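Here's the structure we're looking at; comments come further down.
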Number of protein chains: 2
Amino acid sequence: MSASPTHRVSSGERINSAETTGHLQKTLREKGIRLTRQRRVILEVMDNAEQHLDVDQILERAQKMDPAVHLVTVYRTIDLLKREGLIDELDLLHLRGDRHYYETHGPRDHIHVACLRCGKVREFESRLYEQLKEQIARDFDMQVTVSRTEVGGICNDCLPHEKKSPRQ
Amino acid sequence: MSASPTHRVSSGERINSAETTGHLQKTLREKGIRLTRQRRVILEVMDNAEQHLDVDQILERAQKMDPAVHLVTVYRTIDLLKREGLIDELDLLHLRGDRHYYETHGPRDHIHVACLRCGKVREFESRLYEQLKEQIARDFDMQVTVSRTEVGGICNDCLPHEKKSPRQ
DNA sequence: ATAGATGCAAATATTTTGCCGCCAG
DNA sequence: CTGGCGGCAAAATATTTGCATCTAT
């Protein structure tokens, strides 16, 4: 009963400029939310991301497709997606300052497992995690709509170094 | 400005001014870390806290005992405690902006369960959670030293209101 | 046409840092 | 005594907001 490391395959997008493709765009349109040029670009960045991105990474990628995207718009669009429950926000245990990371809501929640020394982050999903959330829902009689789990430790590769120079 | 009630019974401290009591002080002394007047006060605040506190709350409480405690010192002491692995840091799913909350490492990890509407936070512990961490440790062959789980949803009390005015 | 989005700059909020005098050990 | 610590102010980060303009529907 043990899940193994996750490879998150993005749902098979091409790199079409700014069309009406992609899961996020589709969802927003269905909700009747206005799709501007900038939003399309940002949504596409999020849809195509193979892993969590921070705001600057999102901006950078968006500007490669359309230089007219402003940082403020990235913030506002992320807010929108958070409010609509379409993306998750993480901070990876503040490994790198207080930067926040964002990723599209996968079909299934996953846990972020970070090495506190080298900062490598791996993903993990498990039936146990689903059970845990069910247990919480049952015990508190509430529907769990958001969940975030981040665990840290010293990974295999770092263990030898850690022995010598304990902490960073 | 502050998240609401949790019940966490602190390990039974009295309110003695700034003596050499309390778990945190004891631990730091054993580690040979210098105990200043300000540190003692902050450590005591953390030891006596019945729930997670943000930096301003820590400052406020500390200043009640000793007005000469500066915000910067709170930050530096919290950093120290984080580095020593004596406190946990949470952000409660950013319910209230990007404020961070801190609490002493209990004997056992607990999960923070927040209502996304009223902001009430409750704590939850479960054998399943321990199993989950064991599974991660096994699968990734790493020792899990830090873990944080926060889940959100709409609590029982808020459910009726939520029906009418969906989101904020 | 028009509600709502964007850009820009400026305001906030939060946390970190440099420097110097001071105190715990 | 002395090296680490705390205070203060200023810097660095990160995020939000006001307002005029533009645009998707």
Side-chain angles (χ1 to χ4, degrees), chain A residues 18-20 24-26 28-43 45 53-60 62-63 65-84 87 89-102 168, chain B residues 1-2 18-20 25-26 28-43 45 53-60 62-63 65-84 87 89-102 167-168:
Chain A
E19 282 313 302
T20 305
L24 289 175
Q25 288 194 38
K26 189 155 158 285
L28 286 195
R29 175 134 25 74
E30 284 167 5
K31 290 186 174 226
I33 289 169
R34 186 180 296 191
L35 283 178
T36 61
R37 187 162 47 87
Q38 293 88 328
R39 280 189 181 170
R40 274 183 232 269
V41 174
I42 295 170
L43 298 181
V45 167
L53 303 173
D54 67 27
V55 187
D56 294 319
Q57 292 171 316
I58 297 171
L59 179 66
E60 195 185 335
Q63 290 188 331
M65 304 171 63
D66 181 344
V69 177
H70 196 281
L71 177 61
V72 174
T73 305
V74 173
Y75 274 113
R76 290 199 265 229
T77 304
I78 281 171
D79 258 18
L80 171 69
L81 295 174
K82 269 200 289 183
R83 280 201 310 276
E84 298 297 330
I87 57 172
E89 181 178 52
L90 0 150
D91 60 27
L92 299 179
L93 297 167
H94 303 115
L95 275 177
R96 313 268 188 227
D98 292 324
R99 208 173 246 85
H100 293 158
Y101 299 88
Y102 303 91
Q168 214 303 320
Chain B
M1 254 112 283
S2 76
E19 281 313 302
T20 305
Q25 288 194 38
K26 190 155 160 284
L28 285 195
R29 175 135 25 74
E30 283 167 7
K31 290 185 174 227
I33 290 169
R34 186 179 295 188
L35 284 179
T36 61
R37 188 162 47 86
Q38 293 88 329
R39 280 189 182 170
R40 275 184 232 268
V41 174
I42 296 170
L43 298 181
V45 168
L53 303 174
D54 68 27
V55 189
D56 293 320
Q57 293 171 318
I58 297 171
L59 178 66
E60 195 185 333
Q63 289 188 332
M65 305 171 61
D66 181 345
V69 177
H70 196 280
L71 176 61
V72 174
T73 304
V74 173
Y75 274 113
R76 290 200 264 231
T77 304
I78 281 171
D79 258 18
L80 172 69
L81 295 174
K82 269 200 290 183
R83 280 202 311 277
E84 298 297 331
I87 57 171
E89 181 179 51
L90 359 151
D91 59 27
L92 299 179
L93 297 168
H94 303 115
L95 276 177
R96 312 271 189 223
D98 292 323
R99 208 175 244 85
H100 292 158
Y101 299 87
Y102 303 91
R167 230 166 227 296
Q168 203 303 321

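Order of the sequence lines sets the chain letters (A, B, ...), proteins ahead of strands, with each chain counted from 1. On a predicted model such as this, the values are computed, not experimentally measured, just so you know.
- For dT16(D), the OP1/OP2 oxygens have no side-chain nitrogen or oxygen of Y75(A) closer than 4.0 Å.
- When each of dC8(C), dG6(D), dT16(C) is scored by its nearest atom to the side-chain atoms of R76(A), the top-ranked nucleotide is dC8(C).
- Judged by closest nucleotide on DNA chain D, I33(B) is the one of I33(B) and V72(B) placed further toward the 5' end.
- In this structure, the side chains of T77(B) and I58(B) stay at 4.5 Å or more apart for every pair of heavy atoms.
- In terms of heavy-atom proximity, L35(B) sits nearest to R40(B) at O-NH2, 3.4 Å.
- Side chain of D79(B), nearest nucleotide from dA14(D), dT6(C), dT16(C): dT16(C).
- Distances were taken from every side-chain heavy atom of L71(B) (C-beta onward) to each of dT15(C), dT15(D), dA24(D); the shortest belongs to dT15(C).
- Within the 4.0 Å cut-off from OP1 or OP2 of dT15(D), at least one side-chain nitrogen or oxygen of H100(A) is found.
- To the nearest angstrom, C1' of dT14(C) lies 13 Å from OH of Y101(B).
- Considering every non-hydrogen atom in both Q57(A) and L53(A), the closest pair reads OE1-CA, 3.2 Å.
- Atom CG in L35(A) sits roughly 22 Å away from atom P in dC22(D) (whole-Å rounding).
- Close to dC23(C), at under 4.0 Å from its OP1 or OP2, lies no side-chain N or O of Q38(B).
- With rounding to the nearest 0.5 Å, the separation of CG in L71(B) from CG in D56(B) is 6.5 Å.
- As rounded to whole Å, 13 Å separates atom P of dT14(C) from atom CZ of R96(B).
- For the pair R99(B) and dT14(C), the criterion of a side-chain N or O lying under 4.0 Å from OP1 or OP2 is met.
- In this structure, the CD atom of Q63(B) is 14 Å from the P atom of dG6(D), given to the nearest Å.
- With rounding to whole Å, H94(A) atom NE2 is found 13 Å from dT14(C) atom P.
- With rounding to the nearest 0.5 angstrom, the CD1 atom of I78(B) is 9.0 Å from the CG atom of D54(B).
- Dashed line: the shortest gap from a side-chain N or O of T36(B) to OP1 or OP2 of dG6(D) is under 4.0 Å.
- Atom-to-atom, CZ of R83(B) to P of dT16(C) comes out at 11 Å; the value is rounded to the nearest Å.
- Under 3.5 Å, the side chain of R34(A) and the base of dA3(C) form at least one donor-acceptor pair of N or O atoms.
- Per the geometry, CG belonging to L28(A) stands 15 Å off C1' belonging to dT25(D), to the nearest Å.
- The side chain of T73(B) has dG6(D) as its nearest neighbour among dT25(D), dC8(C), dG6(D).
- Taking atom CZ of residue R37(B) and atom C1' of nucleotide dG7(D), one finds them 12 Å apart after rounding to whole Å.
- The shortest distance between the side-chain N/O atoms of R39(A) and the OP1/OP2 oxygens of dT6(C) is below 4.0 Å.
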